[in-house]
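Have a look at the structure below, then the notes.
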Number of protein chains: 2
Amino acid sequence: MLFAERGYDGTSVDDLVQGLGVHRGSLYKVFGSKRGLYLAALRHHLEDEVLPTVAALTVTSGPAEALAQAAGGFDGGAAAGLLLSAAVHQAPTDPDVAALVEEALRALERALAAVLGEPADSPLIGALGASVLGLRLRDRAFGPAASAPAVHALAVRLAD
Amino acid sequence: MLFAERGYDGTSVDDLVQGLGVHRGSLYKVFGSKRGLYLAALRHHLEDEVLPTVAALTVTSGPAEALAQAAGGFDGGAAAGLLLSAAVHQAPTDPDVAALVEEALRALERALAAVLGEPADSPLIGALGASVLGLRLRDRAFGPAASAPAVHALAVRLAD
DNA sequence: ATCGGTCAAGAACGAGCGTTCCAGAACTCA
DNA sequence: TGAGTTCTGGAACGCTCGTTCTTGACCGAT
């Protein structure tokens, strides 16, 4: 997904037209504007990738596996960049984006809470959700090499 | 800092000229380009804000205080957005930015390792550094309300 | 055969982008 | 004082942006 790789401002409509192989006119007919397409992409990413992955956490064999899957999941890395990018750059100024990002994080925290047997609104769960996001950010900036051991260490330390 | 709030692509040279009160010509004479100014701002943020804050961690009274200070520090929140923004959007495609971001994270991890008495390259320290970043991201997207209890919970759980 | 409606291809639009340039005011220092 | 340098305000450049419009090809139904 182009938005995930280059961010909203870094992706031009020309890039989208060329990358998606769709015609300019169709794009504006269906989505109305660049922002409309962005919101649709974010919603799609949330509903078809983040939420299913998050739902799958609750049937893992334990906290360590659940955390590892959360930090590595979503869709292999590329589109989780869309969530990160939205949280960092769009959410602070766009309420619609902020609502979608918040929904994604709440779902993640609910799943983590269920696995760990904690209340969903506990501070620890909030910290854990943030940790998952931070590990994805690390992957994005430095490549995915370092995160797997890190998340394992965090999991065994927390889920004692 | 404008770059921190709106991101690199979201900040125009006109915005910078007007916001900084500096003349267009002077800006290009000193920094050469918009990217040069961005790198200078990132370097300044790293050396004058991140590194001192990180250094101060090692003299806190304990792990919980150190984590809380790391998650709340840097410079009150605004410019830490510069580090987040750089990590998410510039680092993947700009090696110079990636090097600066990596330097900042390594310094943070070294300090956390010193406070917790762990080796600096241990997976747990990597996870903790990511957690701090993730908590800052949460603050940025949702406002700073929720992070303080979260980081406290994480700290008491980890620094047993 | 012809019609209304959807479609692709891309030209065109005004605005904004990063960058350069210039004319003149303000300084420096012999 | 006066020559040389540095600042300032802003116009101008070529380009790209998001968006709209024109044109012509294709379609099943009349």
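Proteins come first, then strands; the chains are lettered A, B, ... in the order of their sequence lines, and each starts at number 1. Because the structure is predicted, anything quoted here is derived from the model rather than measured.
In this structure, A:S12 reaches the D:dC17 phosphate: one of its side-chain N or O atoms is under 4.0 Å from OP1 or OP2.
Spacing between atom CG of B:L27 and atom P of C:dC17 amounts to 14 Å, rounded to whole angstrom units. Between the C1' atom of D:dG18 and the NZ atom of A:K29 lies a distance of 19 Å, rounded to the nearest Å. In this entry the distance linking CG of A:L20 with C1' of C:dA8 reads 16 Å, nearest Å. In this structure, B:H23 places its NE2 atom 13 Å from P of C:dT20, rounding to the nearest Å. As a whole-Å value, the separation of A:Y28 OH from C:dA8 P is 16 Å. A:D14 has its CG atom 13 Å from the C1' atom of C:dA9, to the nearest Å.
For B:S33, the side-chain atoms get nearest to C:dT19 when compared with the rest of C:dT19, C:dC17, D:dT20. Residue A:S26 places its side chain closer to C:dA8 than to any other of D:dG10, C:dG18, C:dA8. Residue A:V13 places its side chain closer to D:dG18 than to any other of C:dG18, D:dG18, D:dC17.
Each of A:G25 and A:D15 was matched to the nucleotide of DNA chain D holding its nearest heavy atom; the match closer to the 5' end belongs to A:D15.
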* **From CA spacing to verdict: salt bridge (charged side-chain N to carboxylate O under 4.0 Å, His left out), A:E47, A:R43** => CA-CA 6 Å; A:E47 291 176 5; A:R43 210 163 325 203; 5.8 Å; no
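One cannot find a donor-acceptor pair under 3.5 Å joining the base of D:dT8 and the side-chain atoms of B:R24.
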